[in-house]
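Worksheet for the structure shown next.
Residue numbers begin at 1 in each chain, while the letters A, B, ... track the order of the sequences.
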Amino acid sequence: MKKTFSVLACIMALFLCVSGASAANWPAKNITVLVPLAAGGNTDGLARGLIVPALEKAFGVKALVKNVPGGALTLGAAEVANSKPDGYTLMVAPLGPVVLQTQLRTLPYGKDAFAPIYFIANSPSFLIATKDVPSSFDAMIADAKANPGKYVYGSTGPGTVPHINLIALCKQYGVEMKHVPDRSGAEVMKSMASGTTHFFADAGMYIPRYDLQGLVIFSDERHPDFPNIPSAKEIGSDQRFSVWNALYAPAGTPAEILDKIYDACKDLSKDPEAQKFVSGMGAHFIDMTRAEFTDFVNAEYDKFGGIIKEAGIKLE
Amino acid sequence: MDQAILEAFAQTTSWMCLLCIFVGTLWGIIVGALPGLGSVLAITICLPFTYALDPASAIALLLGCYCGSVYGGCISAILINTPGTPQSAATCFDGFPMAQQGKADLALGWATGSSVFGGLLSCIVLIVCGPQLAKFALNFGPVETFALILMALTCIASISKGSMPAGLLSGVLGLFLVTVGMDPVSGNMRFTFGYFKLSGGFELIAVVVGVFALTEVFARAAEFLNNKAPQVAYSGMRFAPWHEWKIRIGLLLKSSIIGSVVGILPGTGAATAAFISYAEAKRSSPRSAGMGQGEPDGLVASEAANNAVTGGALVPSLALGLPGDAVTAVMLATLVLHGITPGVRLMIDNPVAVYSAFIALIIANILMFFQGFAVAKFFARFLRIPEPLLMGMVVILCLLGTYGIRNSAFDLVVTLVFGIFGYILRVFGMPVAPLVIGMVLGTQLELSLRQGLLLSDGNFWAFFNGHPIALALFAMTAVLLCLPLIRYGLERRRAALGQAAPPEVEE
Amino acid sequence: MPKITGRLLFSVVMFSIGAFLLAYSYTTANVAAAAQFGPQFFPRILLWTWLVLALAMMAESILLKGRKYKEQNWKGLFASIGLTALACTLMPIVGFLPISLTFMLAYPWALGYRRSTVLIPLSIIFSFATWYIFNEILLIPLPEIPWLA
């Protein structure tokens with residue numbers, strides 16, 4: 001017994017040498033980057049391929065990726081929202097858990113539980129359709145109006161951006177379509193390939209990969225890789241949707257730590273390797289300062305808030 | 001095209017690539033054999049290493065990992081009645097009884113041989129008719145998937161030999177447990193009672209680890225009298241004589257084909273294949289009466305099928321860019337990171353990548369055979385340590401494995417609760433495996449049912465109209481279901497008429 | 001009066017739980033989904049089946065012959081469950097290392113294996129090796145000891 005006690009005492013002493021941190025000597029130990037998705041997706045790839053190397057290079061400590069999937073990304077986000085704002089827990093997440101889910105459900109956190117740091121990458125959403133749908137947007141709308149319930153749109157789940165996107169679209173043009181959700185982008189592609197689903201609103205990279213067509217891109221300008229797809233502005237719609245990933249810390253993290261992290265990441269957009277990495281996912285960088293990014297988050301929040309209220313969507 | 005094959009061969013037999021296959025497969029087997037750590041975790045851990053490799057080696061590493069982990073699960077399934085991965089749950093049914101009869105080395109031999117056979121056969125299927133099969137898989141819409149999963153569920157009836165209502169109830173419980181959390185169609189929360197942590201639902205691995213691993217640990221503690229545990233003594237791996245293998249060739253082929261086909265169909269994985277194969281073996285094998293008590297047929301059916309899925313899952317992934325399961329999804333993501341775009345044009349734009357994947361898989365399967373031997377011998381030594389120590393380590397590893405999935409304290413509690421619940425089930429003679437089968441199949445079952453109903457505007461009878469594949473599957477389900485039920489009815493009748501077996505002794 | 005076996009009690013408990021869940025599924029307000037098959041559609045099918053099967057189990061346990069139970073090591077069983085419960089609940093709070101070290105000492109001890117010359121080194125080596133492999137090599141974060149975090 002005495003032997004055990006002395007051994008344990010030695011261990012404790014050893015660990016006390018690696019003591020806790022303050023903002024001045026941040027980072028003094030490993031940083032955890034939480035990703036509210038399972039490993040292997042785009043967000044996870046961005047975290048592991050871009051953010052982790054950037055942090056490790058800038059600060060010399062290890063950055064570990066922690067995957068916490070579940071609850072439509074809210075479980076991971078809730079964990080980050082509740083963790084200590086000391087700069088050792090960060091989150092790389094898409095827009096869903098921060099600006100969308102917070103308005104659809106009662107969650108133990110709100111949009112303000114996060115301090116936005118760095119806007120990583122953006123992919124504007126396209127209206128992707130199977131090849132048997134009429135290629136012109138107007139022709140498609142006319143056909144959909146004439147045959148309510150003929151067309152089916154898919155999504156990666158109820159309350160996700162592709163879903164909200166199509167709800168808004170259908171409402172604006174007064175068409176009726178069925179919604180058949182799947183659980184992931186891959187499953188939606190499978191449904192489209194087998195003819196079950198006709199539409200999906202997500203990043204453009206799916207179009208050449210799976211032999212599909214794009215009817216419109218939900219942004220102001222046409223995309224350089226897809227010069228034949230009209231923009232929403234051209235067809236007279238003011239809907240703008242995109243899928244974007246960003247780096248956050250829990251609200252209340254000291255501003256100096258946030259600035260340090262921002263400085264470590266801000267040059268990623270100039271790195272050609274990083275650019276190649278990101279464009280492989282069909283996305284691109286947009287430079288924003290922390291303040292600009294915070295405004296952007298609020299703007300997105302309000303935009304979705306408007307759509308949700310107008311369409312009357314509420315999930316429990 | 002031959003040019004591409006030659007180049008792929010050159011790339012895959014480069015020393016770096018072979019090393020990756022070797023390490024990946026060995027790593028996969030070890031992770032697969034450790035209860036609580038599954039294929040997805042094994043792949044996740046390999047991910048950072050793939051960034052620095054060239055595309056062929058990266059894919060080879062992941063494929064080796066995949067292959068090895070699906071096989072590795074059988075080692076702990078046979079030796080300690082705990083499937084190392086959910087895909088090997090069906091291997092416990094006959095594997096552990098064989099081990100208890102002192103034939104653990106034989107069981108491992110059956111499992112290894114069947115796994116390698118299944119894997120290699122699926123590679124051949126993949127190479128020969130990959131793209132055509134991929135097209136066929138596209139005919140599987142929600143209705144067909146629903147029919148297929150229903151067929152897999154009949155496995156529950158086949159293994160509920162003790163008590164049919166108990167087994168079925170266990171299965172229904174499993175199906176129910178996956179409805180807890182967010183509804184995949186409407187987004188509503190179900191049965192969470194306002195508790196946020198439940199909104200993510202029950203994690204499958206947490207339940208599997210609880211119900212198989214912890215239950216086994218508790219059961220052994222209960223049996224541990226006078227410092228003497230019922231030891232499973234054995235020494236490595238042994239293969240049954242050729243004539244034993246010969247009579248099961250048909251079963252091997254059939255199970256491998258089932259596995260390959262199920263692998264090709266998206267939405268279903270190795271576990272589903274193993275269950276369907278087991279149910280089919282139970283229906284058609286001349287030795288089915290012994291299944292569940294240590295009949296090699298059960299091992300052959302389960303292990304050949306689950307490894308055949310590895311080749312099958314590559315078919316839609318490479319031909320169409322549609323990943324068959326979580327593991328192939330990670331593989332495709334890795335391709336993207338290396339600048340190779342998966343999708344319908346992969347075969348045309350980058351045939352070398354496709355062929356090197358096939359070749360890597362074949363090499364991995366062959367290596368697996370030898371590595372399995374070595375790992376089995378190692379585990380033989382390892383399992384000789386006194387049982388309390390071993391069980392202590394098993395518990396810690398299982399808890400880590402559960403925690404490592406979602407980094408969730410809640411999952412640990414789930415594992416504990418299901419461990420206790422599984423033990424209670426065992427005491428009352430209720431089979432525990434159907435619970436896991438229900439959970440594995442439940443989400444996809446409900447989702448495809450609801451999707452089908454959405455598409456047909458709520459008309460269930462439309463499921464039978466205009467879906468020939470689904471009709472065929474429904475018919476087979478009926479056939480698979482009838483036999484166990486009839487057998488059960490006859491057994492009960494015999495018991496009631498007084499020609500009963502002696503009252504079963506509780507174990 | 002049918003014999004009250006453990007099995008009968010168990011099936012009655014299962015039936016009650018099923019009935020409770022079924023009643024609950026009728027009380028929650030559900031968003032009406034398309035095609036009138038809302039979120040509770042599938043669970044209700046399952047729960048009705050559950051009730052029927054629980055009844056069948058009850059009937060079976062009344063008609064079945066009783067089961068004999070082998071001698072059990074109750075102390076061992078409860079020690080095993082108790083220690084595992086402590087490990088599960090305390091690990092996220094206290095951290096991996098203390099729990100692993102304590103558990104590897106206490107568990108074999110409780111089951112009767114008392115050779116401390118093996119226990120102490122084994123628990124130390126095992127805990128640290130596992131921690132090192134997971135945290136440093138595999139890069140899977142394990143629960144940290146909170147007052148050091």
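At a 4.5 Å heavy-atom cutoff, the contact between B:Tyr423 and chain C is made by side-chain atoms alone. Only the side chain of C:Leu122 has a heavy atom closer than 4.5 Å to any heavy atom of chain B. If you measure heavy-atom distances from C:Leu119 to chain B, the contacts under 4.5 Å come from the side chain alone. Looking at B:Ile424, only its side chain comes within 4.5 Å of chain C, counting heavy atoms on both sides.
The side-chain heavy atoms of B:Phe428 and C:Leu9, taken from C-beta on, include no pair separated by under 4.5 Å. Taking 4.5 Å as the limit, every side-chain heavy atom of C:Tyr113 sits out of range of all side-chain heavy atoms of B:Glu387. Looking at C:Tyr107 and B:Val217, their side chains come closer than 4.5 Å, going by heavy atoms from C-beta outward. Taking the side chain as every heavy atom from C-beta outward, B:Met430 and C:Met57 approach each other to under 4.5 Å. In this structure the side chain of C:Phe96 reaches within 4.5 angstrom of the side chain of B:Ile396, judged on heavy atoms.
From C:Cys88, atom SG reaches atom CG of B:Leu416 across 4.5 Å, with rounding to the nearest 0.5 Å. Atom CZ of B:Phe191 and atom CD of C:Gln40 lie 4.5 Å apart (nearest 0.5 Å). The OG1 atom of C:Thr130 sits 6.0 Å away from the CG atom of B:Leu397 when rounded to the nearest 0.5 Å. Taking CG of B:Leu173 as the reference point, atom CH2 of C:Trp50 lies at 5.0 Å (rounded to 0.5 Å). A distance of 4.5 Å separates CE of C:Met91 from CG of B:Leu399, quoted to the nearest 0.5 Å. Atom CD1 of C:Ile133 sits about 10.5 Å away from atom CD1 of B:Ile45, to the nearest 0.5 Å.
In the displayed structure, C:Arg114 atom CZ is contacted under 6.0 Å by more than 12 heavy atoms of other residues, nucleotides or ligands. In the displayed structure, C:Tyr132 atom OH is contacted under 6.0 Å by at most 12 heavy atoms of other residues, nucleotides or ligands.
When each of B:Ala219, B:Cys46, B:Pro388 is checked for heavy-atom pairs under 4.5 Å with chain C, B:Pro388 comes out on top. Among the candidates B:Leu400, B:Val180, B:Asp183, the residue making the largest number of heavy-atom pairs closer than 4.5 Å to chain C is B:Leu400. Residue with the most contacts toward chain B among C:Ala54, C:Ser80, C:Gly18, C:Gly76: C:Ser80 (heavy-atom pairs, distance under 4.5 Å).
The backbone N or O of C:Pro39 sits less than 3.5 Å from a side-chain atom of B:Arg190, completing a donor-acceptor pair.
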Would you check, one step at a time, whether the test side-chain contact (heavy atoms from CB on, under 4.5 Å) holds for C:Phe10 with B:Val427? CA-CA 10 Å; C:Phe10 180 71; B:Val427 164; over 6 Å; no
Does C:Val118 form a side-chain contact (heavy atoms from CB on, under 4.5 Å) with B:Leu389? I'd like the steps, not just the answer. CA-CA 10 Å; C:Val118 172; B:Leu389 292 177; 4.1 Å; yes
Trace of the side-chain contact (heavy atoms from CB on, under 4.5 Å) decision for B:Phe176 with C:Leu21: CA-CA 10 Å; B:Phe176 177 75; C:Leu21 289 169; 3.5 Å; yes
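The minimum heavy-atom distance linking C:Met104 with B:Met393 is given by the pair CE-CG, 3.4 Å. Among all heavy-atom pairs drawn from B:Phe218 and C:Leu77, the shortest one is O-CD1, 3.4 Å. The two residues B:Thr179 and C:Leu46 make their nearest non-hydrogen contact at CG2-CD1, 4.3 Å.
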